[in-house]
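Below is one structure; the comments refer to it alone.
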2 protein chains.
Amino acid sequence: MNKKSKSLSKNQKIVLDFIQKNKKPVKAYSILSNVQKKGINAPPQVYRALDKLIKIGKIHRVESQNSFVACKISNCDTPHKTVFSICNSCEIVSEINDPKLFKNLKDFRDKDGTVFDGYNLEFFGTCKSCKNKQIENTKH
Amino acid sequence: MNKKSKSLSKNQKIVLDFIQKNKKPVKAYSILSNVQKKGINAPPQVYRALDKLIKIGKIHRVESQNSFVACKISNCDTPHKTVFSICNSCEIVSEINDPKLFKNLKDFRDKDGTVFDGYNLEFFGTCKSCKNKQIENTKH
DNA sequence: AGTATAGTGTTATAATATAACAAATTTTTA
DNA sequence: TAAAAATTTGTTATATTATAACACTATACT
Ligand SMILES: [Zn+2]
Ligand SMILES: [Zn+2]
Ligand SMILES: [Zn+2]
Ligand SMILES: [Zn+2]
């Protein structure tokens, strides 16, 4: 049994379960208040679980939002290579799985030829649904 | 005289000046403690200046560090299209100016064909100087 | 069984960021 | 140039996000 298949601890399961249930990214203190009934009482319990889940790639941190979202790509690399699109209007986040873009990022070298271990890319725009709403509003 | 050439306010100048003096990104409260002698007394004065400087593209926020760094690319776009390399070891940040990469990012569309307004990309690795130090250490 | 590693529960506190409001300054427009 | 609008300031208080430290428990490894 290799390390990666080791099962999650109680708190890790509770936190992951809550994050996976949510379509949108969730904030640490929102997780806390929502899992208190399950026996998680204090911030460190949440943050420890988050740290571990991030480390093993089950979730990602959305840096521009201080929020956390379940990984949508089963074999997401660690150290992390993540790409998200983020709606400026409703703040919904989608994880992007685009092989061509991944290749461009993986192959990138800086001026010194440095190879990077990982990256995080966040695209910002207006999602389809919000764009439609905006069009609706200009009609009236 | 267009809007972009309008001069900065007193606090904005003080904050920008401090950020530009630093090779590494700086934190908001470090800015605060370093400019108190210039008459900036409280966090909102710093954060307001930061917000404005970010908006006009004079500085960028390094999302993974909660820190702020002067723009090294004179004509950096707003809304922002930023690429950084970040050393995991010394946390030094370099702004990357790579036309080919910029083009790849600019041309990217998601599955729905959405065009994005901006993006932020952070690469993580070990900088040349830190890599050399590591090699030195393994010699002994 | 014994040791090492990882996880738990808890309290306190650090670090980062914003709300709200009155006053002053600068820019725009009439 | 005077009035109106927009921006910036100074200030106090508070919200939000995250970690330190410590004693203890559970699990995995040899
Ligand atoms: Zn993922
Ligand atoms: Zn949206
Ligand atoms: Zn820039
Ligand atoms: Zn370094």
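Throughout, a chain's letter reflects where its sequence line sits, starting with A, and its residues are numbered from 1. Since we're looking at a predicted model, the values are computed, not measured.
When the side-chain nitrogen and oxygen atoms of Arg61(A) are compared with OP1 and OP2 of dT17(D), none of them lie within a distance under 4.0 Å. Between Lys52(B) and dT8(D) there is a side-chain polar atom (N or O) within less than 4.0 angstrom of OP1 or OP2. Taking side-chain N and O atoms only, Asn11(B) has a distance below 4.0 Å to OP1 or OP2 of dG10(D). At dT17(D), none of the side-chain N or O atoms of Asn66(B) fall inside 4.0 Å of OP1 or OP2 (strictly under the cut-off). A close approach under 4.0 Å does occur between a side-chain nitrogen or oxygen of Ser9(A) and OP1 or OP2 of dT8(C).
Across dA18(D), dG7(C), dG10(D), the shortest atom-to-atom separation from the side chain of Pro43(A) is found for dA18(D). Here dT17(D) is the nucleotide among dT9(D), dC22(D), dT17(D) with the atom lying nearest to any side-chain atom of Lys27(A). For Gln45(A), taking side-chain heavy atoms from C-beta onward, the closest of the listed nucleotides dG9(C), dC21(C), dT18(C) is dG9(C). Nearest to the side-chain atoms of Phe68(A) among the listed nucleotides dG9(C), dA18(D), dA6(C) stands dA18(D).
Spacing between atom CG of Leu32(A) and atom P of dA15(D) amounts to 17 Å, rounded to whole angstrom units. Atom CD1 of Ile31(B) and atom P of dA17(C) are 10 Å apart (whole Å).
Two residues, Ala28(B) and Pro44(A), neighbour DNA chain C, and the one matched to the more 5' nucleotide by heavy-atom proximity is Pro44(A).
The base of dA20(D) has none of its N or O atoms less than 3.5 Å from a complementary donor or acceptor on the side chain of Tyr47(A). Scanning atom types as modelled, one donor and one acceptor separated by under 3.5 angstrom connect the side chain of Tyr29(A) and the base of dA18(D). Side-chain N/O atoms of Arg48(B) and base N/O atoms of dT11(D) include a donor-acceptor pair closer than 3.5 Å.
A distance below 6.0 Å separates the ring centres of Phe84(A) and His60(A).
Taking the charged nitrogens against the carboxylate oxygens, Lys13(B) and Asp17(B) have no contact shorter than 4.0 Å, which rules out a salt bridge.
Arg61(A) and Asn120(A) form no side-chain donor-acceptor contact under 3.5 Å, judged by distance and modelled atom types alone. No side-chain N or O of Gln36(B) forms a donor-acceptor pair with one of Asn34(B) less than 3.5 Å apart.
In this structure, Phe116(B) and Phe108(B) have parallel ring planes: the angle between them is below the 30° cut-off, well short of the 60° mark.
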